[in-house]
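Chain A is the first sequence line, chain B the second, and so forth, proteins listed ahead of strands; every chain is numbered from 1. Atoms considered below: every heavy atom in the structure, side chains included; atoms not considered: hydrogens, waters and symmetry mates.
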Protein chains: 2
Amino acid sequence: MILIDYKSRKPIYEQIIDSIKSLIVSGVLERDDQLPSVRQLAQELAINPNTIQKAYGELEREGVIYSLKGRGSFVGSGIQELRMVQQQELIEQIFEISGELCELQVPQQEVCAVVQRAYEQEKGGLNP
Amino acid sequence: MILIDYKSRKPIYEQIIDSIKSLIVSGVLERDDQLPSVRQLAQELAINPNTIQKAYGELEREGVIYSLKGRGSFVGSGIQELRMVQQQELIEQIFEISGELCELQVPQQEVCAVVQRAYEQEKGGLNP
DNA sequence: TCAGTGTACTATAATAAATAATACAGATAA
DNA sequence: TTATCTGTATTATTTATTATAGTACACTGA
C-alpha cells in the first residue's frame with residue numbers, strides 16, 4: 001500500500017504524504033475512509049510513530065484528511081480540489097522540462113511521442 | 001552566470017554542478033575553455049571554496065571537466081555524451097510524469113498542448 | 001621568486017530528519 | 001468502570017548531510 005524508499009533524498013514523512021495523496025486521488029481511499037492509526041502504520045512500515053504523526057499533521061493542515069481525537073484519521077472532502085492541484089503541479093513540471101528539452105534541441109514531436117508511449121503503457125496495464 | 005538559490009532543497013554544490021553542465025551543453029562553455037578557479041568562483045558566489053572544490057571534484061569524476069594542478073580546470077571532451085545523457089534524463093522524467101497524468105485522467109492531447117506551449121515560449125524568446 | 005592554481009586534510013558549525021520515550025485527553029467496547 | 005484503542009503534544013537524543021573555517025602542500029608560469 002505504502003512503500004518507503006530509504007535511499008531517496010525525499011524525507012520519509014514526505015513520501016508518506018505523497019503516498020496517501022496518491023491513494024486518495026486514485027480512488028483507493030474514498031471520502032471519510034479511515035486511515036491506519038498512527039501507531040499501526042508506524043509498525044507496518046517499521047518507522048517511528050512520530051514520523052507518521054508529522055505526516056498526518058501536515059495532511060490535516062492541508063485539509064486532505066481530518067482527525068478526531070480518540071477516533072482516528074479520515075479522508076477529507078477536498079478530493080476533487082486535491083486532484084486538480086496535483087494535475088496542475090504535474091502539468092507545470094511537464095512545461096518546465098519541455099522548455100529544457102527545447103533548449104537541448106530535442107524535437108517537439110519526439111517529446112510528444114514519449115508522452116504517447118507513457119499513455120499507451122499506462123492504459124495497457126489496466127484490467128489485464 | 002551561475003545563480004545560487006539558498007532556499008532550495010538542492011545543495012549548493014549540486015546547483016553548481018548543474019549550472020556548469022548547463023553552460024556546457026548550451027554552448028556557452030566550449031571544449032578546453034577554462035573555468036573560473038576554485039577560489040575565484042568561491043569569492044564571486046560568496047561561498048566557501050571547499051564547496052566549489054567539491055563540485056569541481058565531482059564534475060571531474062564524471063568526466064565533464066579536467067583539472068591540471070597549478071593550471072586550472074577546463075571543459076572536457078565529452079560534451080556530446082553529456083548532452084545525450086541530459087536529454088535522456090529529461091525524457092525519462094517526461095515519461096514518468098506523463099504516466100501519472102494519465103492516471104489522473106488528463107487527456108493526452110492536453111499534455112502535448114503543454115509541451116507545445118513550452119516550445120513556443122522557448123523559441124519565441126530567442127534573439128529578440 | 002612569487003602569485004595563482006588544484007588538491008588534501010582536519011575540525012567545527014548548522015541544519016534537517018528520524019528516533020526514543022513519555023504524557024495526556026478523548027472514544028469505545030468489554 | 002476499566003482497558004485499550006485513538007490523536008496529540010513535548011522534550012531529548014541521535015544521525016546524516018551540508019557548509020564553513022583554516023591550514024598545508026605541490027605544481028605552473030610570468
Set of residues satisfying side-chain hydrogen bond (donor to acceptor under 3.5 Å, both in side chains) with respect to B/S98, sequence neighbours excluded: none
Go nucleotide by nucleotide along DNA chain D from the 5' end; which of A/Q40 and B/P49 gets its closest nucleotide reached first? A/Q40
Can you find a donor-acceptor N/O pair under 3.5 angstrom joining the side chain of B/N48 to the base of D/dG22? no
Assess whether one donor atom and one acceptor atom, taken from the side chain of B/R71 and the base of C/dG6, lie less than 3.5 Å apart. no
Which nucleotide, D/dA9, D/dG7, C/dT5, lies nearest any side-chain atom of A/N50?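 Selected nucleotide: D/dA9.
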Between C/dT7, D/dT8, D/dT18, spot the one nearest the side chain of B/P11, thanks.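 Nucleotide nearest to B/P11's side chain: D/dT18.
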As an exercise, state the distance from CZ of A/F95 to CD of B/Q116, rounded to the nearest 0.5 Å.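 Result: 11.5 Å between the selected atoms.
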Salt bridge check, B/E120 against B/R117: does any charged N sit closer than 4.0 Å to a carboxylate O? no
Looking at A/E14 and B/R9, is there a salt bridge between them, counting it only when a charged N and a carboxylate O are closer than 4.0 Å? yes
Degree of bending in the helix from C/dT1-D/dA30 to C/dA30-D/dT1 once both end axes are built from five pairs, to 10°: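 End axes: 10° apart.
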If you compare every side-chain N and O of [X] against the phosphate oxygens of [N] (OP1, OP2), does one of them come in below 4.0 Å?
X     : N      : answer
B/S67 : C/dT7  : yes
A/T51 : C/dA18 : no
A/Y13 : C/dA17 : yes

Scan A/Q34 against the nucleic acid and name what it touches under 4.0 Å (heavy atoms): base, sugar-phosphate only, or nothing.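 No contact at all - A/Q34 keeps every heavy atom at 4.0 Å or more from the nucleic acid.
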With sequence neighbours left out, which residue pairs that include part of residues 83-104 of chain A fulfil the salt bridge (charged side-chain N to carboxylate O under 4.0 Å, His left out) condition? none
With a 4.5 Å limit on heavy-atom distance, are the side chains of B/Y66 and B/V75 in contact? no
Could you tell me the separation between the CZ atom of A/R9 and the C1' atom of D/dT17, rounded to a whole number of Å?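 These atoms are roughly 10 Å apart.
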